[in-house]
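Quick note: residue numbers are just sequence positions, from 1. Quick caveat, the model's predicted, so the values are computed rather than measured.
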Amino acid sequence: MKLLQRYIFSQTFLPAALSLSALALLALLTQSLQTLDLVVDNHQSAGTFFFITILALPQLVAIITPLAVFMASIYALNRLTNDSELVVAKANGVSPWAIGTPVLRLGVYALIFHLFLNLLL
């Protein structure tokens, strides 16, 4: 991978990880409210509450992953365009395919992660 492609990948990966964690925590918070009602009605302990909440996490992350990667890709490419970094790269003769490859690579990594969550975990 070229230096420019590594730079674009790193600029896309960090917002993807941050948005995935933020959206997962938000979804986990909303799901934990339903779990809390179930635990209180059945007079269970706090350990049971955390166990049920953690069991719901892989399904929530699997649902949120495509959205987080899409949002991060749009954010990163927009920021690189606004900072004129993509304009300079195109002026130096970098093809659009070379610019898009890191974003596609992140999408493939997210696809593999999504498949792992849905099929194995």
Same cluster (ILVMFWY, side-chain, under 4.5 Å), Phe13 and Phe70: no
Test side-chain contact (heavy atoms from CB on, under 4.5 Å), reference Val40, set Leu36, Asn42, Asp37, Leu38, output is Leu36
Might you point out which heavy atoms bring Asn118 and His114 nearest each other, and give the distance in Å? ND2-CE1, 2.8 Å
Please report, to 0.1 Å, the donor-acceptor pairs under 3.5 Å made by any side chain of residues 81-89, with sequence neighbours excluded.
from	atom 1	to	atom 2	distance (Å)
Thr81	OG1	Leu77	O	2.8
Asn82	ND2	Asn78	O	3.4
Asp83	OD2	Arg79	NH1	3.2
Glu85	OE1	Tyr7	OH	3.0
Glu85	OE2	Tyr7	OH	3.3

Interatomic distance, CZ@Phe50 vs CG@Leu55, rounded to 0.5 Å, equals 13.5 Å
Closest contact, heavy atoms only, Ser45 versus Val39: O-CG1, 3.8 Å
Leu104 vs Trp97, side-chain contact (heavy atoms from CB on, under 4.5 Å): CA-CA, chis, key distance, verdict: CA-CA 10 Å; Leu104 290 174; Trp97 178 254; 3.8 Å; yes
Cluster link Val94 to Leu3, ILVMFWY, side chain under 4.5 Å: no
For Gln44, does its backbone N or O pair with a side-chain atom of Thr48 as donor and acceptor, under 3.5 Å? no
Nearest heavy-atom pair of Pro15 and Ala72: which atoms, and what distance? C-CB, 3.6 Å
To the nearest 0.5 Å, how far apart are CD1 in Ile52 and CG in Leu57? 14.0 Å
Straight-line distance of Ile54 CD1 to Phe49 CZ, nearest 0.5 Å: 9.5 Å
Identify whether Ile8 and Tyr75 are in the same connected component of the hydrophobic contact network (ILVMFWY, side-chain heavy atoms under 4.5 Å). no
Measure the spacing between NZ of Lys2 and OG1 of Thr101 and express it to the nearest 0.5 Å. 9.0 Å
Determine, stepwise, if the pair Lys90 / Ile99 fulfils side-chain contact (heavy atoms from CB on, under 4.5 Å). CA-CA 9 Å; Lys90 287 181 183 178; Ile99 293 172; 3.9 Å; yes
Please check if Leu106 and Met71 belong to a single hydrophobic cluster, counting links between Ile, Leu, Val, Met, Phe, Trp and Tyr side chain heavy atoms closer than 4.5 Å. no
If two hydrophobic side chains count as joined below 4.5 Å and joins carry through other members, does Leu80 share a cluster with Leu4? yes
Is Gln5 reaching over with its side chain to a backbone N or O of Ala98, donor-acceptor style, under 3.5 angstrom? yes
What are the two closest non-hydrogen atoms of Gly107 and Val69, and how far apart are they? CA-CG1, 4.4 Å
Do any side-chain atoms of residues 60-68 form donor-acceptor pairs under 3.5 angstrom with protein atoms, and if so which ones, sequence neighbours left out?
from	atom 1	to	atom 2	distance (Å)
Thr65	OG1	Val61	O	2.5

